[in-house]
Engineer: 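Below are the structure tokens for one structure; questions will follow.
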Amino acid sequence: MYKAPVDEIAFTLKHVAGLSEALDAGTFGELGEDLVDAILGEAGRFASEEVAPRGEAGDRQGSRLVDGAVKTPEGWRELYRNWIAGGWNGLTAPEAFGGQNLPHMLHVAAMEMWNSGSMAFALAPTLTTGAIEALEKHGTDALKATFLPKMVSGEWMGTMNLTEPHAGSDLGVLKTRAERRDDGTYRILGQKIFITWGEHDFTDNIVHLVLARLPDAPSGTKGISLFLVPKFLVNEDGTLGERNDVFCHSLEHKLGIHGSPTCTMIYGDGKFGREKGAIGYLIGDENRGLACMFTMMNNARLAVGMQGVAIAEAATQKAIAYAKERTQGRAPGWSGDGMSPIIEHPDIARTLLTMKALTQGSRAIAYACAHAVDMAHAAQGEGARHWQERSSLLTPIAKSFATDAGVDVASMGIQVHGGMGFIEETGAARYLRDARIAPIYEGTNGIQAIDLVTRKLTLSDGAQVRGFIAELREVAAAAAASNREGFGETAARLDAAVADLEGATDWLLSRLRDGKLAEALAGATAYQRLFGLVLTGVYLAKGALAEAGDGRQDRRVALCRFAAENLLSETSALKDRVVNGAESLAAARSILD
């Protein structure tokens with residue numbers, strides 16, 4: 001059974017991602033380590049004792065559509081009630097609407113633990129957090145007053161409605177319509193698919209954020225508006241009024257996350273309401289909806305990255321526990337009676353250490369991204385711009401590298417289990433099934449790579465990424481200067497990996513300057529992985545160099561060395577793919593005809 005690694009999470013937040021420095025500087029007011037530890041401890045307890053025990057049962061039972069209503073797995077509604085009673089929904093929300101206004105770092109750390117317990121359950125409040133942020137930043141005072149207090153408390157939940165059958169990644173072709181009404185509201189008509197928790201029995205009301213197009217809107221993404229469309233209209237006194245003209249038509253039958261209802265939503269076919277069209281309220285300006293929605297999407301991309309970390313952690317725990325118990329053969333040097341536990345075999349140990357390194361590296365990347373988000377909110381002027389650019393640079397890497405790691409680690413976990421991993425009753429397969437959606441939704445990892453190369457590398461004309469690489473080189477230099485016993489070839493391997501990243505970055509920036517976009521994009525995915533691997537090695541080294549006084553330093557040094565000497569050799573091959581892969585790609589494309 002999953003047990004939240006609270007101590008390792010706290011260590012990564014404080015000593016790798018930058019939380020301790022921010023606390024010492026008073027960045028977050030009176031927030032101190034004692035409160036941080038208390039929050040993480042309780043989040044870990046809730047994840048381990050309440051969420052995780054319901055995860056496997058929820059996967060087996062799944063959510064069902066019965067007579068037009070979604071029934072969630074047994075016990076999940078009560079679990080959600082306990083979750084909101086703990087105040088978790090408002091962890092980072094504004095105090096003015098009942099939130100606690102705590103750093104985003106704490107939210108993503110808690111989110112990791114809940115997703116490890118059950119990714120399907122944790123998806124329920126995830127989009128509510130993003131919807132709160134989008135509404136708080138772009139909504140009118142009246143909309144905020146009506147909806148935010150109950151969304152922050154968790155009494156109502158939020159969703160994000162983008163995708164249509166013909167409009168997935170290319171939102172510019174969406175067809176959902178919005179019609180202006182004389183009273184200032186809008187009528188929304190259309191269909192949305194793949195809507196996570198679009199309908200459920202957790203809350204009395206569901207607040208949908210919906211992208212739609214006005215009749216006179218410009219074509220493409222410049223003509224998209226964002227609307228708030230509640231399941232139930234809200235009376236002036238805050239009570240629920242008439243049912244709005246929106247409903248769940250069907251649920252998708254999915255590879256994984258079975259407990260999470262993925263809905264096809266119908267807006268405005270006349271099933272509810274006095275006339276066709278779901279009543280919606282404009283968020284932001286007309287034809288500027290995508291900019292508003294990106295507030296929510298950027299939040300969601302980091303949240304999805306945390307899902308990758310969470311699945312990797314849970315899969316690693318399960319695989320290590322199994323490898324300690326399962327006996328098979330006699331490992332080299334085994335002196336015990338009978339067969340040895342498979343963890344004694346070199347190949348199994350290598351697999352488990354790879355899983356552990358990818359998990360901890362992904363965690364550090366995601367937490368560092370959350371730290372940049374927090375610092376951007378806290379800083380002023382040039383400092384705010386710097387941290388905003390840093391969070392923008394890290395977001396596609398945190399989303400893509402961590403979710404790829406979640407899939408890879410879950411697959412390795414099945415391999416450690418052998419044939420029993422392919423059997424559902426062991427629970428190892430669920431992690432792979434759940435993990436596989438994460439590289440796809442909230443912008444596929446290929447789209448993240450395009451974003452990284454074309455938009456994020458060019459921030460401040462490349463100065464942001466170059467400055468970041470210089471910081472990574474400082475960590476490598478510190479590892480070399482430390483002469484710490486047990487580091488082995490860590491410093492040299494880190495230095496070489498950072499050099500590979502720098503060389504690939506310079507090459508991509510030169511291609512972009514010369515207008516050779518196709519050449520740059522041919523290596524974008526390889527570059528994205530290269531960046532993530534380098535960050536994994538550097539952040540593990542940063543943790544190994546930290547003096548935490550918790551007696552785990554030797555373990556961190558050993559894992560850091562393993563990653564440097566076993567995983568970082570891939571960076572040179574990835575750099576080669578970035579720099580030299582475009583020509584062969586162009587030459588071979590004809591065979592796909």
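Reckoned from all heavy atoms, side chains included, excluding hydrogens, waters and symmetry mates.
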Engineer: Would you check if Leu540 and Arg556 make a side-chain contact, meaning some heavy-atom pair closer than 4.5 Å?
Structural biologist: no
Engineer: Can you name the side-chain contact (heavy atoms from CB on, under 4.5 Å) partners of Val36, sequence neighbours left out?
Structural biologist: Lys14, Leu19, Leu23, Leu31, Leu40, Leu106
Engineer: Going by the side-chain contact (heavy atoms from CB on, under 4.5 Å) test, name the single residue among Thr221, Thr163, Leu162 that passes it with Leu211.
Structural biologist: Leu162
Engineer: List the steps, then state whether salt bridge (Lys or Arg N to Asp or Glu O under 4.0 Å) holds for Arg363 with Glu8.
Structural biologist: CA-CA 10 Å; Arg363 174 182 291 129; Glu8 192 59 42; 5.3 Å; no
Engineer: Would a 4.5 Å heavy-atom cut-off, applied to side chains only, mark Val409 and Ile311 as touching?
Structural biologist: no
Engineer: Consider side-chain contact (heavy atoms from CB on, under 4.5 Å). Of Leu457, Leu452, Thr458, which one does Val465 pass it with?
Structural biologist: Leu457
Engineer: When you compare the side chain of Pro439 with that of Thr444, does any pair of heavy atoms fall below 4.5 Å?
Structural biologist: no
Engineer: Between Glu471 and Lys542, does any side-chain N to carboxylate O distance fall below 4.0 Å?
Structural biologist: no
Engineer: For residues Ser391 and Gln388, determine if any side-chain heavy atom of one lies less than 4.5 Å from a side-chain heavy atom of the other.
Structural biologist: yes
Engineer: Verify the distance criterion only: is there a donor paired with an acceptor across the side chains of His104 and Thr92 at less than 3.5 Å?
Structural biologist: no
Engineer: Report yes if some heavy atom in the side chain of Phe531 is under 4.5 Å from a heavy atom in the side chain of Ile365; otherwise report no.
Structural biologist: no
Engineer: When the ring planes of His15 and Phe11 are compared, do they come out parallel, tilted or perpendicular, using 30° and 60° as the limits?
Structural biologist: tilted
Engineer: Quick one: list whatever passes side-chain contact (heavy atoms from CB on, under 4.5 Å) with Arg561, sequence neighbours left out.
Structural biologist: Thr490, Glu565
Engineer: To the closest 0.5 Å, what do you measure between CG (Leu501) and CD1 (Ile469)?
Structural biologist: 4.0 Å
Engineer: Filter on ring-ring contact (aromatic ring centres under 6.0 Å, His included), then keep only pairs touching residues 349-372, sequence neighbours left out; what's left?
Structural biologist: His371-Trp387
Engineer: So, Ser460 and Arg385: side-chain donor and acceptor under 3.5 Å apart, yes or no?
Structural biologist: yes
